[in-house]
Amino acid sequence: MTDGVYDIFIAGGGINGCGIARDAVGRGFSVFLAEMKDLASGTSSGSTKLIHGGLRYLEHYEFRLVREALMEREVLWGMAPHIIWPLRFVLPLHKAMRPAWLIRLGLFLYDYLGGRKALPPTRTLNLETDPAGGPLKPGFRKAFEYSDCWVNDARLVALNARDAADRGAVIKTRTKVVSARREGGFWSVVTEDVHTGHTETISARLFVNAAGPWVDKLLQNAAGSNASNVRLVQGSHIVIRKKFSDSRAYFFQNNDGRIFFAIPYEEDFTLIGTTDQDYKGDPQDVKITDAEIDYLCAGASEYFAEPVTRADMVWSYSGVRPLYDDGASKAQEATRDYVLKADGAAGEPQLLNVFGGKITTYRRLAESMLEKIEDVLGSRGKPWTAGATLPGGDFDKQGFEGLVAKFRREFPFLSEAHSRRLVRLYGTRAWRIVGKAKSFTDLGQLFGGDLTEAEVAYLMANEWALEAEDVLWRRTKLGLKLEANGRQALEEFMKGRPGADARLAAQ
């Protein structure tokens, strides 16, 4: 800071806000980021968990978006190979849907439009002989198999925030923006800690509105604008008991022209989604509807030999995508591209707004935002994030199995499944969690499954986890496996932890 004034105030702790904070502080800007709930508590944890080009976007001629997204797949994989890894997708041909030649043309573009290097190309499968045909109805005989990547979306947000904080940014969660106004050549932003009620006034030269589904509301409050820029689109997913043992995912076409996925999830489950429908309510109240459950079950049952029913469900989640309103007639046709807009007259503090975007292109969005920031505040440094790993990702992107083997050798008292889970979530920082422990009991209280006191303490001290839900559903997905008594014990532990009520040192 200079004279108590930050260069940039960012509202929103989703992937775009945290990505912008990381890029900006790495170039030398001082940054203050406020998130009214937990990191990734909105749209950024409600995705289909894919780093992908968006094969279906080719049908809407969004070639620039698809090319940029395809180019980002291997960049992001190299940045965080613990939480991002290649995934092969099986696309069965359905005679009543798109013709084979059209799909093959799309996949040809998909293979060569974005400079694919390490990811394997498309190939044709005979489903009567390939294991991928096993779980499917016998009528499916041919499929295409292509590459994209999987991502732990909520952890991607947390790691961007952690890296930003490590480089000097101030990251405050459970901190809402009460008011924002231009005053004396700066932004004067009043924030409130939602736990303690404590208020703080932050001065900044520039305000970035990355509030996701709340971007229009914040724009109205801060700038008095009545414009409506985003189209809120609900996307819901169901998680069912493991439907197939193959490590590949399925890409299915539905009879309404939409597509959806069935993806191996958290070892023991299958993730099915997504839906697309306009949403009119408060984004924080979004939840899956009965119609969406029926839609996903019916669509999956069109392909799987064993039908998918409500009885198979173990969890569901919904997110609201703040898509830029381009006037598309259908929710699924609205652009997934991002739009950055400035608000403010010449000579007054600027407000830069983020509309739309997708998790795959968050880093490129941040670079585009930095161009606009530097137009206002002056240049501080060159783009740098493409070659910089995220916390825990400092190992070869093909070296995950070797890292797990090393971890197991050093901590033989951990089960293979526990070791693999820790390295998957934390990469090289998994060593920080186990520390000098010589036995499993050295890791402290066990809450259920393999969630220990040592891991929870690490998340509280380093990743802004303040409540049990933060740990169980965003930093990990152990909410799928913990019993009610384990959740209660975790809540009591976190509430009683010294300093928990007073905010974390990491913030």
Would Y303 and Y250 count as a close aromatic pair, with their ring centres under 6.0 Å?
-> no
Can you list the residues that meet the salt bridge (charged side-chain N to carboxylate O under 4.0 Å, His left out) rule with E367, with sequence neighbours excluded?
-> R363
Under 3.5 Å side-chain donor-acceptor pair for S30 and D7 | yes
If you count the non-hydrogen atoms of other residues, nucleotides and ligands that lie under 6.0 Å from NZ in K137, is the total more than 12?
-> yes
Inter-residue atom distance H195.NE2 - T173.OG1, 0.5 Å rounding = 8.0 Å
Take atom CD of Q284 as the centre, draw a 6.0 Å sphere, and report whether it contains more than 12 heavy atoms from other residues, nucleotides or ligands.
-> yes
Mark yes or no: R474 above the aromatic ring of W464, with NZ or CZ under 6.0 Å from the six-membered ring centre and no more than 45 degrees from the axis.
-> no
Enter the distance from I20:CD1 to L352:CG here, rounded to the nearest 0.5 Å.
-> 8.5 Å
Kindly check if the number of other-residue, nucleotide or ligand heavy atoms within 6.0 Å of CD (E410) is above 12?
-> yes
Separation between CG of D394 and OG1 of T389, rounded to the nearest 0.5 Å | 5.0 Å
Near-ring test W187/F9, centroid separation under 6.0 angstrom | no
Using modelled atom types only, decide if a donor and an acceptor are shared between the side chain of D470 and the backbone of E467 within a distance under 3.5 Å.
-> yes
Taking the six-membered ring for Trp, are F32 and Y6 ring centroids under 6.0 Å apart?
-> yes
Side-chain donor-acceptor contact under 3.5 Å, S147 with R88 = yes
Should E267 and R420 count as an ion pair when the cut-off is N to O under 4.0 Å?
-> no
Take atom NZ in K37; do more than 12 heavy atoms of anything else shown fall under 6.0 Å from it?
-> yes
Parallel, tilted or perpendicular for W315 and Y265, by the 30°/60° rule?
-> parallel
Which residue, D256, I238, T289, D290, forms the side chain to side chain contact (heavy atoms under 4.5 Å, CB included) with Y295?
-> D256
Can we say E455 and R475 salt-bridge, meaning some charged N sits less than 4.0 Å from an Asp/Glu carboxylate O?
-> no
Thinking salt bridges, do D246 and R248 make one under a 4.0 Å N-O criterion?
-> yes
Only distances under 3.5 Å count here; give the side-chain donor-acceptor pairs of residues 477-486 to other protein atoms, sequence neighbours excluded, each with its distance to 0.1 Å.
{"residue": "K477", "atom": "NZ", "partner": "W473", "partner atom": "O", "Å": "2.8"}
{"residue": "K481", "atom": "NZ", "partner": "D268", "partner atom": "OD2", "Å": "3.2"}

Could you state the interatomic distance from CZ (R408) to NE2 (H418), rounded to the nearest 0.5 Å?
-> 11.5 Å
Will you find, in the side chains of T48 and H237, an N or O donor that is under 3.5 Å from an N or O acceptor?
-> yes
Thinking salt bridges, do K243 and E306 make one under a 4.0 Å N-O criterion?
-> yes
CD1 on I433 to CG on L459, rounded to 0.5 Å = 6.0 Å
